[in-house]
Amino acid sequence: MFEVGGNAVIDGINEMVKEMGVGQEVQAIVPPELAFGDKGICLENGECLVKPKATLVYDIYLKRSAIPPP
């Protein structure tokens with residue numbers, strides 16, 4: 001669960017979920033500039049969990065949507 005437009009997920013996921021309807025399933029192909037860019041996600045020892053300039057693929061299913069309380 002996350003707030004669309006927040007920073008809990010990468011920009012590419014935020015953009016995709018904004019366009020989805022409840023019950024819809026999509027495969028999102030997210031280019032590096034909407035994911036982790038030139039840095040990727042690398043550990044201090046040099047091992048990368050997400051390589052720099054990686055295009056990511058996600059299967060997204062929007063189970064429900066709600067308006068957060070004020």
Side-chain angles (χ1 to χ4, degrees):
M1 190 176 343
F2 65 94
E3 183 178 340
V4 174
N7 61 1
V9 297
I10 59 175
D11 291 341
I13 299 299
N14 266 321
E15 294 301 316
M16 184 60 69
V17 172
K18 283 181 190 178
E19 304 299 320
M20 293 176 67
V22 174
Q24 186 176 3
E25 186 173 2
V26 299
Q27 185 174 68
I29 300 172
V30 183
E33 57 271 13
L34 294 176
F36 299 103
D38 293 338
K39 293 183 179 182
I41 299 178
C42 298
L43 304 175
E44 289 180 17
N45 67 6
E47 180 184 357
C48 292
L49 305 173
V50 177
K51 292 182 180 180
K53 299 182 182 180
T55 296
L56 306 177
V57 179
Y58 292 91
D59 292 318
I60 303 170
Y61 174 71
L62 185 59
K63 187 173 181 178
R64 72 177 173 184
S65 176
I67 298 172

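Values reported hereafter were calculated over all heavy atoms of this structure, with side chains retained and with hydrogens, waters and symmetry mates removed.
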TODO: Measure the spacing between OH of Tyr58 and CD1 of Ile10 and express it to the nearest 0.5 Å.
DONE: 4.0 Å
TODO: Show the numbers, then the answer: is there a side chain to side chain contact (heavy atoms under 4.5 Å, CB included) between Leu56 and Phe36?
DONE: CA-CA 9 Å; Leu56 306 177; Phe36 299 103; 3.7 Å; yes
Task: Which atom of Thr55 lies closest to which atom of Pro32, heavy atoms considered - done: OG1-CD, 3.6 Å
TODO: Hey, could you give me the CE/CD distance between Met16 and Gln27, rounded to the nearest 0.5 Å?
DONE: 9.5 Å
Task: Min side-chain heavy-atom separation Pro52-Asp38 under 4.5 Å - done: no
Task: Stepwise side chain to side chain contact (heavy atoms under 4.5 Å, CB included) check, Leu34 with Ile13 - done: CA-CA 8 Å; Leu34 294 176; Ile13 299 299; over 6 Å; no
- [ ] Would you give the length of the straight line joining atom CD1 of Ile67 to atom CD of Glu3, rounded to the nearest 0.5 angstrom?
- [x] 12.0 Å
Task: Nearest heavy-atom neighbours spanning Ala8 and Phe2 - done: CB-CB, 4.0 Å
Open item on the list: Can you tell me how far apart CD (Glu25) and NZ (Lys63) are? Round to the nearest 0.5 Å.
Closed with: 13.0 Å
Task: Shared hydrophobic cluster for Val26 and Ile29 (ILVMFWY, side-chain gaps under 4.5 Å) - done: no
Task: Approximate separation, where rounding is to 0.5 Å, of Ile41 CD1 and Lys51 NZ - done: 14.0 Å
Open item on the list: Checking the side chain of Asn14 only, and the main-chain atoms of Gly5 only, is there a donor and an acceptor separated by less than 3.5 Å?
Closed with: yes
TODO: Begin with the C-alpha distance, continue with both residues' side-chain angles, and end with the deciding distance and a verdict on side chain to side chain contact (heavy atoms under 4.5 Å, CB included) for Met1 and Arg64.
DONE: CA-CA 9 Å; Met1 190 176 343; Arg64 72 177 173 184; 4.0 Å; yes
Task: Pair Leu43-Leu49, side chain to side chain contact (heavy atoms under 4.5 Å, CB included): steps then yes or no - done: CA-CA 8 Å; Leu43 304 175; Leu49 305 173; 4.2 Å; yes
Task: Residue pair Ala35 / Val30: nearest heavy atoms and the distance that separates them - done: CB-CG1, 3.9 Å
